[in-house]
Amino acid sequence: MPPDAKRRAWLRAGALLPLATAALAAPARSQAMPLLPAPPALAPDALAADSAYWQAVAAQYDVETDVAMLDNGYWGSMARPVLQAYEQHTQQANQGNALYGRLAFPRQFDTARTRAAQALGVEPEEIVLTRGATEALLALIGGYNRLRPGDVVLCADVDYDNMIKAMHWLRTRRGVEVVSIAMPDAATATHQSLIDCYAQAMDRNPRLRLVLLTHVNHRNGMVLPVAEISRMARARGIDTIVDTAHGFGQLDMRIPDLQADFVGINLHKWIGAPVGVGAVYIRRGRVGDIDPYMGEREGDDIRTRVHTGTVNFAAYAALPVALDLHAAIGVANKQARLRRLRNRWVDAAREIGGVEVLAARDPRLGSGISSFRLRGQTSVAQNAALSQRLLREHRVFAVMRDGLASGACVRVTPAIFTSEAQVDRLVVALRALAA
């Protein structure tokens, strides 16, 4: 019986509940959670320009301001209400000890799972919580069991490094051929050119059975038309595994919109949950196509496809607060604000001679993430040095990313607490560096 099933059995038995009251009581809050004002009744694009509202949002975060923090694609800082919930649940777990872990936490975990499913637009039975998108996607890629020797699997240069490694590992695990493709340059890509790129790969590889799709890639932020590609693949008998680590929470979408049966999700990036929270989605009826984790057997229970051991209790227990804050702001409003900040620096940088901007011009392909490099400087060393100069000379923190077919770059990722002034500091820095 899996550990979570054992804990549920303890909870159902309820024999020790009368003894647990004191140990399981949530600690009193030391201070009231700050209240976020409701967004003004404006369309998302209009609200994106309302500095007063976004200053109120930023006031919910205790983030370093001396440095312009433009690497928010790593993880999303917790807003103060989430941090308070996380600290309170940590105290609760520490005080309650094993009694908390066995009797109280399973209920909190089930609540978190149900709330996550609601936000994702799926049923609770279609998701299992993980420690992040990497764990989720490795479970899907490694466990996908419909491959036979000689079949082909496909990945692209925009996919996440660990996922590319996992796809290549399938050569050893399943005896398949691995095909890699390069996406069109972000600055020149079109919605149709991205679809065509995958269509051509499908035409060239008649034994293609599995495609990895990255919804929003972590290198230049280009948004892949996942739904169109997934439908095209399904019509040819090809499955897709979608990495939406940077999509869900940043873009105004829900999981069924992706038209994919297997999805890896991150909840500590754009949702702002504590670090170490993600999810696997498997559409109802497809669980059998993913192997149970190392011999666990409970039929079609998705929870047997991932085994995380003893988890960070407080991280999962605080997830509903992060989802509440996310809903209070509104994902359409977050998307509009992030794109406004992205366009503010991207549009200015395109006018700076010597700067190459890696950002899609088609609004459908753009996210809050974009990248740049100095013209002709495509090496890892050059872009790592550029990142260091930004921080040392201009107090701007943005990071080098490698892996694109065109070379390395520096990625810029604002957050909803980022101000226009911090974005403008980047533009000033780019003018100085290009000069």
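FYI, the numbering just counts along the sequence from 1.
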Determine yes or no for a side-chain-to-main-chain donor-acceptor pair under 3.5 angstrom, with [X] supplying the side chain and [Y] the backbone.
X	Y	value
R286	F262	no
T130	G132	yes
Q335	V331	no

Between the side chains of [Y] and [X], is the shortest nitrogen-to-carboxylate-oxygen separation below 4.0 Å, so that they form an ion pair?
X	Y	result
D261	R146	no
R337	E420	yes
R305	D289	no
D161	R219	yes
R209	D239	no

Would you call the rings of Y61 and F417 parallel, tilted or perpendicular if under 30° counts as parallel and over 60° as perpendicular? tilted
Parallel under 30°, tilted from 30 to 60°, perpendicular over 60°: which one fits the rings of H326 and F248? tilted
Are [X] and [Y] side-chain neighbours, meaning at least one heavy-atom pair lies under 4.5 Å?
X	Y	answer
I329	Y53	yes
V280	I290	no
L341	W345	no
L433	L390	yes
V311	F105	yes
H168	S180	yes
I282	L140	yes

Rounded to the nearest 0.5 angstrom, the CG-CG distance for L391 and L386 is 11.5 Å
Evaluate side-chain contact (heavy atoms from CB on, under 4.5 Å) for M183 paired with L224, printing each intermediate quantity in order. CA-CA 10 Å; M183 289 295 96; L224 205 62; 4.0 Å; yes
Test side chain to side chain contact (heavy atoms under 4.5 Å, CB included), reference Q60, set L36, L83, I416, output is L36
(Q) Checking K334 against Q250 for the side-chain contact (heavy atoms from CB on, under 4.5 Å) test, could you report, in this order, the C-alpha distance in whole Å, the side-chain angles of both residues, the deciding distance, and whether it holds? (A) CA-CA 7 Å; K334 290 175 72 169; Q250 180 188 177; over 6 Å; no
Just checking N162: does its CG atom have more than 12 heavy atoms from other residues, nucleotides or ligands closer to it than 6.0 angstrom? yes
Q | Full working for side-chain contact (heavy atoms from CB on, under 4.5 Å) between H215 and L251 | A | CA-CA 10 Å; H215 189 194; L251 303 183; 3.8 Å; yes
What side-chain donor-acceptor pairs closer than 3.5 Å can you find for residues 396-409, not counting sequence neighbours?
| from | atom 1 | to | atom 2 | distance (Å) |
| --- | --- | --- | --- | --- |
| S406 | OG | R373 | NH2 | 3.1 |

side-chain hydrogen bond (donor to acceptor under 3.5 Å, both in side chains) with H89: of Q91, E87, Q92, only one passes, and it is Q92
Given the options N220, D71, N383, R411 meets side-chain hydrogen bond (donor to acceptor under 3.5 Å, both in side chains) only with D71
